[in-house]
Amino acid sequence: KEVTNLDIKIKRINYLLKDCVIFIISDVTNLKEIIRLRDLDGYKDRLLASVSHELRTPLNCIIPMIKEALEQEEQPPDISDKFLYPAYNSARLLNHLVNDILDYSRIRSQKIKINIEKFSLHTCFEELRQLFTIPTQMKSLVLIFEDSGLDLSNFATDQLRLMQVLINLISNAIKFTRKGEIRVMITLHESRYQIGVKDTGIGIKESDQAKLFKEFGVLQAEEYRNLNNHGIGLGLMISDSIVKCLGSKGISCKSEYGVGSFFYFDLPAAEDNVNLDPSRDSNGFEEMKIVQMRRAPDLDKRCDCQRILLVDDNE
């Protein structure tokens, strides 16, 4: 192995009552490259976050303006159907993509935020139906929502995060389905919901399924690239991380090549059962735990002052 970079340190010491000099020589041939790559990785994350924030600013203006135009009673129906609705849905889908990129940076820095609240999942299903009306019509697909007769009016989880996951799963199903239908289903088993998206698409080979939940896990086979030539391979990885924060075991996949795929995950059925990562708070930061408290000996005898609790991170 060729050594091209050395780190030399000189240290003066006293050894056997004599002044000596020690030379410490380290091989750092690859160290500088590792540091450079680590810095580049940090620059990449900051760039993604910065670009995403810059994209959100105009989108936060465009989406409300289009929505306001849609709500105008004097708006001609043909203008709304042909131009405004497609523009509104496309802007919302782009906004969700930007949020995915932002969440990628948050997940890497472990700062993803979770806000548990009660809401109507039926309303969410209706919003998803409207959101994907244009994409499904363009491919002559049928989008079906099945609630199994459950009362979902007080569903408890993070509404925005759940919508984000379902949008990712439905978007993937539409991309890889040429004909047939896509079903969004929810069932209840032993105090846990199971939510899934099933399609009649091309399916996924068993050898490719291990790549699905990895960073930039884009399937490289030609039949996949032809249907998803703009994918970057972050959606499933981000969705899997999100549902785990919501108390799920993660997203699972059942797929048969040439038949279709079924992506599903579980969620607790009661708000009290939501099991967030116990080592982190809602902002993703590690919780401080008081490992040990020590009382100074004879503190009360030595001074007349207020008591002070000191907490150290033990590192």
Side-chain angles (χ1 to χ4, degrees), residues 48 52 55 59 85-104 107 124-146 160-186 195-243 250-265:
L48 283 174
S52 300
L55 286 172
L59 282 173
Y85 274 116
Y88 181 62
N89 289 333
S90 297
R92 290 179 67 189
L93 288 173
L94 178 58
N95 191 50
H96 287 297
L97 176 60
V98 171
N99 288 336
D100 278 349
I101 298 174
L102 277 173
D103 282 335
Y104 172 68
I107 288 171
C124 292
F125 282 172
E126 186 57 36
E127 291 180 8
L128 290 169
R129 190 193 308 276
Q130 295 176 4
L131 182 62
F132 287 103
T133 296
I134 302 299
T136 52
Q137 286 180 352
M138 291 177 64
K139 301 185 72 172
S140 299
L141 300 174
V142 179
L143 180 59
I144 302 170
F145 291 86
E146 297 180 354
L160 293 179
R161 294 299 181 185
L162 178 59
M163 287 285 284
Q164 182 180 354
V165 171
L166 290 175
I167 286 170
N168 269 318
L169 295 180
I170 297 172
S171 296
N172 286 343
I174 293 174
K175 290 176 188 175
F176 295 104
T177 303
R178 292 191 177 99
K179 61 180 181 179
E181 64 182 31
I182 297 165
R183 290 180 180 270
V184 182
M185 301 174 288
I186 181 169
I195 304 175
V197 177
K198 188 175 184 179
D199 63 60
T200 57
I202 64 172
I204 304 168
K205 296 177 181 178
E206 188 174 351
S207 58
D208 291 325
Q209 292 181 22
K211 307 174 186 176
L212 293 175
F213 301 101
K214 295 181 179 180
E215 291 183 11
F216 306 104
V218 179
L219 301 180
Q220 297 298 327
E222 184 177 355
E223 59 266 36
Y224 300 129
R225 286 189 281 110
N226 289 338
L227 294 172
N228 186 31
N229 56 353
H230 298 298
I232 58 177
L234 287 178
L236 280 177
M237 185 275 292
I238 291 171
S239 297
D240 187 56
S241 299
I242 288 174
V243 298
I251 298 178
S252 300
C253 172
K254 293 180 181 178
S255 184
E256 184 177 350
Y257 186 66
V259 177
S261 301
F262 180 40
F263 288 85
Y264 60 96
F265 57 93

Quick check for you: to the nearest 0.5 Å, what is the distance between [X] atom [atom1] and [Y] atom [atom2]?
X      : Y      : atom1 : atom2 : result
Arg183 : Glu146 : CZ    : CD    : 4.5 Å
Ser239 : Arg161 : OG    : CZ    : 10.5 Å
Glu206 : Ser255 : CD    : OG    : 10.0 Å
Leu143 : Ile170 : CG    : CD1   : 5.5 Å

Minimum-distance pair of heavy atoms, taken over all atoms of [X] and [Y]:
X      : Y      : value
Asp240 : Ile251 : OD1-N, 2.8 Å
Leu236 : Leu212 : CB-O, 3.5 Å
Phe265 : Leu162 : CZ-CD1, 3.8 Å
Gly180 : Thr200 : CA-OG1, 3.4 Å
Glu181 : Ile144 : OE1-CD1, 3.7 Å
Gly250 : Val243 : CA-CG2, 3.9 Å

For Asn172 and Lys175, what are the C-alpha separation, side-chain angles and deciding distance, and is it a side-chain contact (heavy atoms from CB on, under 4.5 Å)?
CA-CA 5 Å; Asn172 286 343; Lys175 290 176 188 175; 3.9 Å; yes

Please enumerate all residues that pass side-chain hydrogen bond (donor to acceptor under 3.5 Å, both in side chains) together with Thr136, with sequence neighbours excluded.
none

With sequence neighbours left out, the residues meeting side-chain hydrogen bond (donor to acceptor under 3.5 Å, both in side chains) with Asp199 are none

My understanding is that only one of Asn168, Ile167, Leu169 makes a side chain to side chain contact (heavy atoms under 4.5 Å, CB included) with Val165; could you say which?
Leu169

Could you walk me through whether Ile204 and Phe176 pass the side-chain contact (heavy atoms from CB on, under 4.5 Å) test, one step at a time?
CA-CA 10 Å; Ile204 304 168; Phe176 295 104; over 6 Å; no

Is it possible for you to check whether Lys254 lies under 6.0 Å from the centre of the six-membered ring of Phe262, through NZ or CZ, and within 45° of that ring's axis?
no

Please tabulate, for side-chain N and O atoms in residues 128-135, each donor-acceptor pair with protein atoms closer than 3.5 Å (sequence neighbours left out).
| unit_1 | atom_1 | unit_2 | atom_2 | d |
| --- | --- | --- | --- | --- |
| Arg129 | NE | Glu126 | OE1 | 3.4 |
| Thr133 | OG1 | Arg129 | O | 2.8 |
| Thr133 | OG1 | Gln130 | O | 3.3 |

When you measure from the side chain of Lys139 to the backbone of Ile174, do you find a donor-acceptor pair of N or O atoms at a distance under 3.5 Å?
yes

